[in-house]
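First comes the structure, then the notes that go with it.
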Amino acid sequence: MKSDAAPVNPPRCTEIAPIASAPIDHVTLTYQERYRRRCRLVTDGGRAIILDLAELTELRDGAALVLACGSHIAISAAAEPLAAINAAGADLARLAWHIGNRHTPCQIGPDHILIQRDHVLEEMLCGLGAAVSHVDAPFQPEGGAYGHGRTHGHAHSHDPHEDPNAHIHGHAHHHHG
């Protein structure tokens, strides 16, 4: 049987804000999925929405997508496979320096550092005296040098003048200091 009903357009979200009212639903996203500008999302309750932001934005755990009607959809960080780095016989600050020197996103706790699993980096850290264990947890790394945004975006221009992160695609860069 064919329906004569017009297709329903999913509601649009053009704003991210602190949760100010009871959310009508939740959306649970991994670290990579929480860095978006425009895409179709499906909430935990099965509701389709269109994210249509003016610029690439980090969708932070605990914030809300604000729909055109004013309703809020709460954002949650999904549990994902991570490596927990503990100092064991090493200096945690030294381990953090080696992780940061590789521009690896990390979440810093009082006695550990969380990174996305990377066997090469994990082996290097073990070689420096770290104890590495695998955990599944929400990943909420530090925001970057000025406390917001990501340490590296995912732009794919190979022109280093257009993409400040072009070196992650095989272009050399140097640390001066």
Side-chain angles (χ1 to χ4, degrees), residues 13 16-18 26-42 44 51 53-65 74-177:
C13 166
I16 307 298
H26 293 79
V27 62
T28 304
L29 305 167
T30 66
Y31 173 66
Q32 292 300 332
E33 293 168 341
R34 291 191 321 266
Y35 197 56
R36 298 280 181 231
R37 185 185 87 72
R38 189 165 199 280
C39 67
R40 180 181 183 272
L41 295 172
V42 177
D44 298 351
L51 183 67
L53 303 173
E55 58 188 32
L56 201 55
T57 302
E58 183 158 11
L59 309 176
R60 300 290 296 174
D61 179 76
L65 305 173
I75 301 166
S76 297
E80 53 191 293
L82 302 174
I85 313 303
N86 292 286
D91 176 11
L92 193 61
R94 182 170 177 250
L95 298 172
W97 183 89
H98 282 282
I99 292 167
N101 191 48
R102 283 151 185 83
H103 302 283
T104 300
C106 63
Q107 181 176 333
I108 300 172
D111 60 353
H112 69 280
I113 300 169
L114 293 176
I115 62 171
Q116 292 174 314
R117 291 184 191 168
D118 177 330
H119 70 91
V120 173
L121 189 54
E122 291 171 38
E123 286 178 27
M124 181 213 53
L125 292 165
C126 286
L128 293 169
V132 177
S133 59
H134 289 165
V135 299
D136 287 327
F139 189 46
Q140 301 178 79
E142 295 297 312
Y146 299 98
H148 56 81
R150 300 223 174 176
T151 55
H152 281 279
H154 293 278
H156 291 285
S157 170
H158 292 279
D159 180 346
H161 300 289
E162 290 180 21
D163 179 4
N165 306 314
H167 65 274
I168 64 174
H169 301 290
H171 299 277
H173 83 284
H174 305 281
H175 291 267
H176 301 285

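Taking the side chain as every heavy atom from C-beta outward, Asp118 and Thr104 never approach each other to under 4.5 Å. Contact annotation: the side chain of Phe139 approaches that of Pro105 to within less than 4.5 Å [non-hydrogen atoms, C-beta and beyond]. At a threshold of 4.5 Å between non-hydrogen side-chain atoms, the residues Leu128 and His98 count as touching.
Shown here are the side chain to side chain donor-acceptor pair (under 3.5 Å) partners of His119, two or more places apart in sequence or in another chain: there are none. Residues forming a side chain to side chain contact (heavy atoms under 4.5 Å, CB included) with Ala93 (at least two apart in sequence, or on another chain): Asp91. Scanning for side chain to side chain donor-acceptor pair (under 3.5 Å) contacts around Arg38 gives Asp52, with sequence neighbours left out. Residues passing the side chain to side chain contact (heavy atoms under 4.5 Å, CB included) test with Cys126, sequence neighbours excluded: Val132. Checked against side chain to side chain donor-acceptor pair (under 3.5 Å), Thr57 has no partners two or more places apart in sequence or in another chain.
Residues in residues 122-136 take part in these salt bridge (Lys or Arg N to Asp or Glu O under 4.0 Å) pairs, two or more places apart or across chains: Arg117-Asp136. Screening residues 81-90 for salt bridge (Lys or Arg N to Asp or Glu O under 4.0 Å) gives no qualifying pairs among residues at least two apart or on separate chains.
Between Glu55 atom CD and Arg36 atom CZ the span is 16.0 Å, to the nearest 0.5 Å. In this structure, CG in Leu53 is found 8.0 Å from CZ in Arg37, a value given to the nearest 0.5 Å. Rounding to the nearest 0.5 Å gives a distance of 6.5 Å between OH of Tyr31 and CD of Gln116.
Shown are Leu51, Leu41, Leu59; of these, the side-chain contact (heavy atoms from CB on, under 4.5 Å) with Cys13 is made only by Leu51.
Using a distance-only test at 3.5 Å, with no hydrogens or angles considered, a donor-acceptor pair links the side chain of Arg34 to the main chain of Leu29.
Heavy atoms only, all atoms of each residue included: Leu82 and Ala137 are closest at CD1-O, 3.5 Å.
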Between side-chain atoms of residues 106-115 and protein atoms elsewhere (two or more places apart, or another chain), which donor-acceptor pairs fall under 3.5 Å?
{"from": "Gln107", "atom 1": "OE1", "to": "Gln140", "atom 2": "N", "distance (Å)": "2.7"}

Check: Do Asp61 and Ile75 pass the side-chain contact (heavy atoms from CB on, under 4.5 Å) test, and can you show the C-alpha distance, the side-chain angles, and the key distance before you say yes or no?
Finding: CA-CA 5 Å; Asp61 179 76; Ile75 301 166; 5.6 Å; no
